[in-house]
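This report refers to the structure that appears directly beneath it.
It should be emphasised that the depicted structure is a prediction, and the values quoted were computed from it without experimental measurement.
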Amino acid sequence: MIIAIDGPAASGKGTLARRLAARFGLHHLDTGLTYRAAAAKMLADGVPLDDETQAAQAAEHVDFSALDRDTLSLHEIGEAASRIAVMPTVRRALVEGQRRFAQIPPGAVLDGRDIGTVVCPDADVKLFVTASPQVRARRRTDELQGRGLAANYDEILADLVRRDERDSTRTDSPLRPADDAHLLDTSEMDIETAFRKAVDIVDGL
Ligand code: C5P
């Protein structure tokens with residue numbers, strides 16, 4: 001069983017993916033963390049982010065068993081991840097690992113930008129989770145402030161819009177719903193309602 005969840009930054013897809021994995025007893029892979037881990041390695045080594053050879057090498061060496069959202073959540077890492085995510089050689093290396101992960105029994109929930117379209121086009125269920133940029137920026141701001149961190153709504157909104165633009169307009173695997181994806185707009189929905197709707201979709205298989 002494979003559940004593919006795609007959507008833009010801060011749409012709620014990560015929380016949904018985690019909860020669906022727990023509900024259905026599946027593994028979970030946040031594929032954004034794989035791009036972040038490769039980007040973090042480049043930042044730590046002081047390698048220029050436009051060096052595709054080094055980026056591909058960093059991608060090949062990502063350890064899928066040691067992906068930690070807390071250490072990879074820095075804003076700079078997300079920004080760097082979206083810059084190296086436009087490179088086909090980086091994507092090829094990471095997609096290979098993601099597909100291998102999806103094959104581990106009894107199956108997995110994967111969330112990202114290209115799961116339903118590229119990584120697992122034969123997934124049993126595909127969800128595309130969206131919310132307006134304003135709602136996503138508000139959620140991200142509240143989340144950071146709730147953790148005692150500084151967060152400025154206007155800056156976060158501008159960042160989200162820029163990252164969405166880069167993710168949606170790149171040539172290789174742009175962010176877009178698969179033709180057979182169920183669309184879930186969470187702008188006017190709390191996470192509990194979104195979760196119940198997603199469970200209904202999976203149960204309706
Ligand atoms: O989801 P997250 O914000 O952690 O992803 C960081 C960046 O990694 C995204 O902005 C996107 O450019 C890239 N990414 C991707 N394909 C995926 C997951 C993430 O291109 N499947």
Side-chain angles (χ1 to χ4, degrees), residues 1-36 69-70 72-73 75 78-79 81-82 85 98 108-121 123-147 149 151-170 173-205:
M1 163 95 137
I2 294 178
I3 302 177
I5 306 187
D6 291 302
S11 58
K13 64 183 188 309
T15 309
L16 260 189
R18 243 186 326 276
R19 292 193 57 180
L20 283 175
R23 171 79 160 72
F24 292 101
L26 300 168
H27 303 290
H28 170 229
L29 179 63
D30 173 348
T31 61
L33 292 184
T34 65
Y35 289 88
R36 284 173 182 263
R69 167 63 59 186
D70 284 340
L72 295 171
S73 67
H75 169 69
E79 184 64 22
S82 116
Q98 292 160 10
V109 181
L110 287 86
D111 69 277
R113 305 290 190 290
D114 61 341
I115 310 302
T117 50
V118 174
V119 180
C120 300
D124 301 279
V125 183
K126 298 180 187 178
L127 301 176
F128 193 84
V129 186
T130 55
S132 70
Q134 290 75 12
V135 166
R136 291 187 284 124
R138 171 52 50 208
R139 283 184 193 150
R140 180 56 59 87
T141 309
D142 291 349
E143 180 208 324
L144 291 171
Q145 288 175 348
R147 285 161 53 196
L149 301 169
N152 176 292
Y153 171 86
D154 290 325
E155 280 174 18
I156 289 176
L157 177 60
D159 281 347
L160 283 181
V161 170
R162 194 177 56 238
R163 193 134 69 90
D164 289 353
E165 168 77 10
R166 194 185 290 139
D167 289 344
S168 313
T169 56
R170 67 181 175 223
S173 317
L175 168 67
R176 69 168 182 84
D179 294 337
D180 51 351
H182 298 267
L183 301 185
L184 206 54
D185 186 332
T186 67
S187 302
E188 313 270 323
M189 226 185 257
D190 61 20
I191 183 65
E192 197 51 43
T193 311
F195 175 63
R196 265 188 279 113
K197 281 192 187 289
V199 169
D200 286 348
I201 292 168
V202 178
D203 280 341
L205 271 182

Is there a side chain to side chain contact (heavy atoms under 4.5 Å, CB included) between S132 and E188? Walk through the geometry before answering.
CA-CA 9 Å; S132 70; E188 313 270 323; over 6 Å; no

Would you sort out whether V202 and L127 count as a side chain to side chain contact (heavy atoms under 4.5 Å, CB included), showing the intermediate values?
CA-CA 10 Å; V202 178; L127 301 176; 5.6 Å; no

What is the distance from atom [atom1] of [X] to atom [atom2] of [Y], rounded to the nearest 0.5 Å?
X    : Y    : atom1 : atom2 : answer
L110 : D30  : CG    : CG    : 9.5 Å
R196 : D190 : CZ    : CG    : 7.5 Å
C120 : I115 : SG    : CD1   : 6.0 Å
K126 : H182 : NZ    : NE2   : 10.0 Å
Q98  : L29  : CD    : CG    : 6.0 Å

If only atom types and distance count, is the side chain of [X] paired as donor or acceptor with the main-chain N or O of [Y] below 3.5 Å?
X    : Y    : result
R136 : A131 : yes
Q145 : A151 : yes
T141 : A137 : yes
T186 : M189 : no
R19  : A22  : no

Nearest heavy-atom neighbours spanning [X] and [Y]:
X    : Y    : answer
Q134 : L157 : N-CD1, 4.0 Å
I191 : G12  : CD1-O, 4.3 Å
A9   : D164 : N-OD1, 4.0 Å
T31  : G112 : OG1-CA, 3.3 Å
A178 : G116 : CB-O, 3.8 Å

Consider only side-chain N and O atoms of D114 and T117, and report whether a donor and an acceptor are under 3.5 Å apart.
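On atom types as modelled, these side chains do not qualify, holding no pair under 3.5 Å.
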
With distance as the sole criterion, is a donor-acceptor pair present between the side chains of R166 and S82 under 3.5 Å?
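Looking only at side-chain atoms, S82 and R166 do form a donor-acceptor pair, the distance falling under 3.5 Å.
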
Check step by step if side chain to side chain contact (heavy atoms under 4.5 Å, CB included) holds for H75 and D159.
CA-CA 9 Å; H75 169 69; D159 281 347; 2.7 Å; yes

Can you confirm whether [X] sits close enough to [Y] that some side-chain heavy atom of one is under 4.5 Å from a side-chain heavy atom of the other?
X    : Y    : result
H28  : D111 : yes
L184 : L16  : yes
P174 : T169 : no
F128 : R176 : no
V125 : F24  : no
I5   : L20  : yes
L160 : P133 : no
T130 : P8   : yes

Worked check of side chain to side chain contact (heavy atoms under 4.5 Å, CB included) between I3 and D124
CA-CA 6 Å; I3 302 177; D124 301 279; 5.9 Å; no

Check this for me: does any side-chain nitrogen of one of R139 and E143 sit under 4.0 Å from a carboxylate oxygen of the other?
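Between E143 and R139 there is no salt bridge, as every charged N stays at least 4.0 Å from the carboxylate O atoms.
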
Salt bridge flag under 4.0 Å for residues R162 and E165:
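No, R162 and E165 are not salt-bridged.
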
Set out, in order, the CA-CA distance, both residues' side-chain angles and the distance that settles salt bridge (charged side-chain N to carboxylate O under 4.0 Å, His left out) for R113 and D6, then state yes or no.
CA-CA 5 Å; R113 305 290 190 290; D6 291 302; over 6 Å; no

For D142, check side-chain hydrogen bond (donor to acceptor under 3.5 Å, both in side chains) against everything at least two apart and list the hits.
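Partners of D142 by the side-chain hydrogen bond (donor to acceptor under 3.5 Å, both in side chains) criterion, ordered by chain and then number, come out as R138.
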
